[in-house]
Amino acid sequence: MAELTSMETYEGKIDFIDEDFDFDQQVSERLKKINEGEIVTGSVTQISKDFVTIDFGYKSEGQVSRQEFMNEDHELTVQLADNVDIYLERFEDEHGQVVVSKEKADKLRVWEEVGRVHEEDGIVSGVITARIKGGLSVDIGIKAFLPGSQVDLRPIRNLDKLLGERFDFKVLKYNPKRGNIVLSRRAILEIAREEQREKTLELLQEGAVITGAVKNITDYGIFVDLGGVDGLLHITDMTWGRIVHPSEMYAIGDEIDVMVLKFDEADEKVSLGLKQKTANPWDSVQEKYPIGTEVQGKVVSLTNYGAFIEIEEGVEGLIHVSEMSWTKKVRQPSTVVAMGDLITAVIKELDVEQRRISLSMKESMPNPWREVAERNPAGAIVHGKIRNITDFGIFVGLDEGIDGLVHVSDMSWSQRQRNPNELYKKGDEIDVKILNIDIDNQRLSLGIKQLTEDPWQTLDDEIKENEVVTGKIVHIADFGVFLEIKPGVEGLIHVSEIDKEVSKKNLTTFYPIGSNIQAKIINLKVSERRLGLSVIGLIEANAKALNIDLDALKAEDAEEAGAAEVTEISSSEETTETAAPESKESSTQEETTEKKPVISLEPEETE
């Protein structure tokens, strides 16, 4: 009987083998079935702090790092006696130990599985782990590449939001030699979209409301993915109100409920509407906003001529610049209101057919023109500051912010109208009398001369024709001298009523402005406010009053007259000398011309 030898196994049992058993032969036969670079199955015989020992039928057991059996939660996933697959790299290394790896076995199994899925056009699942150049890195057990164009049906701007997400993918390319796997999520979505498209086409009917997602945004509208079918929501069909760009309402990816306005089955073109889901607000404007109604709205647009106010969504009205203030002349609406301001206004005009509403800001506020008229009726005297001066008058500002005009004809009782700049300056404070208030046209007429009695009314009783009066010279013109005989009453001394001894050139010398002289009244017409004066015969009296040497003035005039005559004769001689004698008659004429200097007056002879 053969002698038996005992052997202790990992289970603590004792097996007996025949001493005639050829162990080396059995190992050799076993090794013929195991090759390096292949996956083998073994049993876990020992678990230590650093390694897991596995018996896979070779004469030596293999050791695998304990870390290769840890999951994401750092928990050990293997127990004693468990069967595991390992990758046999080498039977012996330089130390005579077997080199095996579970991690490589897992990856090889994945490669085999991916190859199978690729051949069968199947699906793999993986987690997006990182963003890399051109796309994303996906963990499907091994690293795979997901191009950016294959992530979704439409471009995704922020790929980072997909990190850590798990998706199903199609395998586009599989090359184990290069270690290259290319995936596609888009291929799966296209399949789902095609299935959804068939269902969507059955639902597309005019008037139907369908839920979709914003796929793209342009200047003219939004493209909505209805589920395999794209529809256009034009900007004019988005809201009854005003928007400048579709992006003001929606962003890519937003979910939206739209109404099918038109569906062309042949071209598969779908026109969508959003505002059509609600009633047109203009249908009820007539009843809700009669003329005179005070409303509130938001400034949604500014132009050079006014501001558009949104009273409610889809209903806007215009406040013209002329309706923004009772007192200010508004040239730019932006100086009064700004975009987004909440405004109170009154409905002035309403045209439902043209969809136009005219609004007034100022009518929602007290009318200062009416307040002025009630507090200061015509005839009242008020105090104000000169805000502007023009050729035709001055503008005086009152406390209420209202400007009134004092016309040049209402500045003085004098018939001669003077330039307002000679009498007043901008910023002067003066008293004026209210002559007329036109509330509707917002005009205020003021007067200065009306603060005093009209001096012409009593002039008939104060002076008579042929009387000699004394007055102050206030103005000199080419045609005469204006003399003020009392405040507000001026008379004209025409040049024909001035002594011949005083030439026109010496009017300002003999009659300086501001001087007092005597004049005779030769014409008085109070009804026409005309007063004609004459100083003929009064020259000596006026010269004495003005301390003027009358003889010296006359001599000066004579000298100027003589010099002018000599200049004229000299000019005539030059002309005669340059002319060629053509006949006896012309020669005689030349002799006559040469004799003319004999009768010219030299300054000495004149004296």
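Each residue takes its place number in the sequence, starting with 1.
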Using modelled atom types and a 3.5 Å cut-off, is there a donor and acceptor pairing between side-chain atoms of [X] and backbone atoms of [Y]?
X	Y	value
Asp428	Lys425	yes
Asn280	Trp282	yes
Lys348	Glu363	no
Trp240	Val315	no
Lys215	Leu226	no
Trp369	Trp326	yes
Glu248	His245	yes
Asp237	His234	no
Trp456	Val526	no

Taking every non-hydrogen atom, the tightest pair across [X] and [Y]:
X	Y	value
Val321	Asn304	CG1-O, 4.0 Å
Glu313	Pro281	O-CG, 3.4 Å
Asp431	Ile381	CB-CG2, 4.3 Å
Ile389	Tyr424	CD1-O, 3.5 Å
Val244	Ile235	O-CD1, 3.8 Å
Pro366	Glu371	CB-OE2, 3.4 Å

Taking C-beta and beyond as the side chain, do [X] and [Y] meet within less than 4.5 Å on heavy atoms?
X	Y	answer
Val285	Ile311	no
Leu459	Lys486	yes
Glu484	Glu490	yes
Leu531	Ile521	yes
Ile493	Ile517	yes
Ile222	Leu274	no
Thr335	Val330	yes
Asp460	Leu524	yes

To the nearest 0.5 Å, what is the distance between [atom1] on [X] and [atom2] on [Y]?
X	Y	atom1	atom2	result
His320	Tyr305	NE2	OH	8.5 Å
Leu359	Met324	CG	CE	10.0 Å
Leu483	Asn516	CG	CG	8.0 Å
Ile309	Lys298	CD1	NZ	10.5 Å
Phe223	Leu272	CZ	CG	10.0 Å
Thr344	Leu342	OG1	CG	6.5 Å

Count the heavy atoms belonging to other residues, nucleotides or ligands that lie under 6.0 Å from [atom1] of [X], then report whether that count exceeds 12.
X	atom1	result
Arg370	CZ	no
Glu353	CD	no
Glu349	CD	no
Arg387	CZ	yes
Lys449	NZ	yes
Lys472	NZ	no
Glu462	CD	yes
Asp283	CG	yes

State which residue, out of Asn441, Leu435, Ile439, fulfils the side chain to side chain contact (heavy atoms under 4.5 Å, CB included) condition with Ile437. Ile439

Please step through side-chain contact (heavy atoms from CB on, under 4.5 Å) for the pair Glu323 and Met361, ending with a clear verdict. CA-CA 6 Å; Glu323 295 294 332; Met361 276 178 62; 5.9 Å; no

Start with the C-alpha gap between Ile394 and Ile448, add the side-chain angles, then the distance that decides, and say whether side-chain contact (heavy atoms from CB on, under 4.5 Å) holds. CA-CA 11 Å; Ile394 60 175; Ile448 296 176; 4.0 Å; yes

Could you walk me through whether Glu497 and Leu533 pass the side-chain contact (heavy atoms from CB on, under 4.5 Å) check? CA-CA 7 Å; Glu497 296 297 332; Leu533 303 173; over 6 Å; no

Would you call the rings of His475 and Phe482 parallel, tilted or perpendicular, taking 30° and 60° as the class edges? tilted

So Asp254 and Met249, side-chain contact (heavy atoms from CB on, under 4.5 Å) or not? Walk me through it. CA-CA 10 Å; Asp254 287 353; Met249 295 181 63; over 6 Å; no

